[in-house]
*Asks:* 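Before we start, here is the structure in question, set down as structure tokens.
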Amino acid sequence: MSYSRFYNRMPDGTTKQLNPFTGTEVWSVPGRGNKPITNDIPETAKKIECHEPEDYCSFCENRYFETPPEKQRLVILNGEYKKLNYITAEEYAETKAELRRVPNLFEIVSLDYWRKNYNYKINRDKMEWKNKYISTPKGLEHIISIVDTKLKLSGKKHGEIEKISIDEKISYADSFFGGGHELVVSKHHFIKNAEYDSDLKSSGEMTPEEHFRYIDFTIDAKEDIFLSNRYVRYVSVFQNWLRPAGASFDHLHKQLVALDEWGNTIADQTEMIRKDPNVFNTYGANLAGMLNLIIAENDYAIAYAGIGHRYPTIEIFSKSKNSRPSTHTDEEVRGMSDLIHAIHAASGNQISCNEEWYYTPVDSIYKMPWHLLLKWRINVPAGFEGGTKIYINPISPIDLRDKVVPRLYKLRDERLIANIRIAEECRIIPNPLKYYLT
Ligand SMILES: [Zn+2]
């Protein structure tokens with residue numbers, strides 16, 4: 001196999017790359033990405049006044065009623081984690097949510113999309129939840145207030161909103177109970193003892209245990225979305241961290257969007273798997289190993305600097321033979337989570353970042369390994385890229401590895417991340433991903 005087709009470091013230091021899976025052509029030109037990762041307070045940061053409970057945005061603890069009704073909540077009761085489903089509005093204040101699963105106020109794919117295109121009907125479970133929720137005074141008040149907010153944000157005038165009957169508003173609320181765009185919202189806005197508005201609680205600021213719960217809770221949400229709508233063929237899972245990465249809130253959250261198709265990326269890559277079941281080893285982990293791009297691993301997952309991405313990208317793959325997150329064992333999910341957490345922690349909370357999930361679609365008979373791409377949104381593609389379709393990524397894969405690895409050693413020494421193998425400690429064996437096995 002000719003590796004130079006995908007990766008070619010020229011004498012001046014320019015690294016030309018071709019993404020083996022997408023065909024994206026990327027150059028990393030020396031001298032453009034020398035800034036080290038830092039967790040120093042940025043010059044633009046402003047001092048904050050700490051509030052307990054937090055009330056900085058609509059996702060904060062003191063503002064539970066600013067999101068649509070909660071589908072699920074993770075709590076700690078007597079030292080044990082417990083998931084509470086469909087609590088009533090009256091019960092919101094009885095426990096403190098470690099994580100909340102709530103509908104998105106404005107869905108990317110709306111409830112009407114499913115209703116009008118597929119004759120989708122909200123299942124009994126979710127309708128019962130709706131009826132139970134609006135049967136209490138606080139629940140009804142919450143629903144009307146959220147519908148009013150949504151109408152206002154959609155440009156309706158106060159007088160127009162007043163004229164809409166309660167029954168009509170209750171019918172508008174169907175999307176909160178039976179829609180397919182949801183959020184998993186993390187507990188804290190800021191880290192403990194935050195002083196500046198940049199002291200945000202990112203994925204990497206969690207403990208490994210908190211992060212495992214976050215991933216596990218998100219997998220449960222994804223499964224429930226499948227089970228609630230039989231027309232769903234894929235659930236897109238992603239996390240936008242900070243505004244340059246597309247986040248509308250600085251409060252950590254993941255998003256899940258139900259789709260009736262796989263999308264081009266998954267479809268193209270499934271075609272590659274059909275032709276060569278081992279393609280994710282050959283052009284993924286094996287290639288990364290030959291080029292010394294492996295950053296870290298444990299027994300369940302492996303992380304390496306990705307080739308041919310428009311943004312500096314770290315790819316994290318599950319080694320499991322199970323190819324969907326929901327079929328992973330708890331140990332396997334924890335292993336993935338530990339590595340994802342470690343890379344987020346090494347990136348720090350000031351780098352805008354997209355986390356994208358990929359896995360075998362529900363109706364695919366070709367297995368794709370569960371994997372995530374963490375993309376640092378630190379550069380903006382410009383006119384040069386538009387005209388040439390050659391993208392400039394300011395950090396080459398080797399430089400990306402060299403920025404992340406020392407941070408990982410330090411974090412591991414400080415016991416802020418789980419015990420993972422880093423860089424040269426990794427056992428680089430051929431075909432580490434076992435998804436192709438039955
Ligand atoms: Zn908040």
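Indexing begins at 1, ligand by ligand and atom by atom, following the structure's order.
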*Asks:* Keeping to residues at least two apart or across chains, list the salt bridge (Lys or Arg N to Asp or Glu O under 4.0 Å) pairs with something in residues 122-135.
*Replies:*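 Qualifying pairs, neighbours excluded: K126-D224, K130-D174.
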*Asks:* Do the charged groups of E209 and R334 touch, with an N to O distance under 4.0 Å?
*Replies:*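 Between R334 and E209 there is a salt bridge, with a charged N closer than 4.0 Å to a carboxylate O.
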*Asks:* Do you know how many protein N, O or S atoms are within a distance smaller than 2.8 Å of the Zn ion (ligand 1)?
*Replies:*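 Step by step: take the Zn ion (ligand 1), keep protein N, O, S below 2.8 Å, and you get 4.
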*Asks:* Let me know which of F280, Y359, F21, Y304 forms a ring pair (Phe, Tyr, Trp, His ring centres under 6.0 Å) with H371.
*Replies:*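 Only one of F280, Y359, F21, Y304 forms a ring pair (Phe, Tyr, Trp, His ring centres under 6.0 Å) with H371, namely F280.
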*Asks:* Can you confirm whether or not the ring centre of W129 sits under 6.0 Å from the ring centre of F177?
*Replies:*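 Here the rings of F177 and W129 have centres that are less than 6.0 Å from each other.
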*Asks:* Quick one: salt bridge (Lys or Arg N to Asp or Glu O under 4.0 Å) pairs with a partner in residues 411-423, sequence neighbours left out?
*Replies:*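 Only E297-R421, D299-R421, K410-E414, R412-E425 qualify under salt bridge (Lys or Arg N to Asp or Glu O under 4.0 Å).
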*Asks:* Filter on salt bridge (Lys or Arg N to Asp or Glu O under 4.0 Å), then keep only pairs touching residues 344-356, sequence neighbours left out; what's left?
*Replies:*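 Sorted result for residues 344-356: K254-E355, E356-K375.
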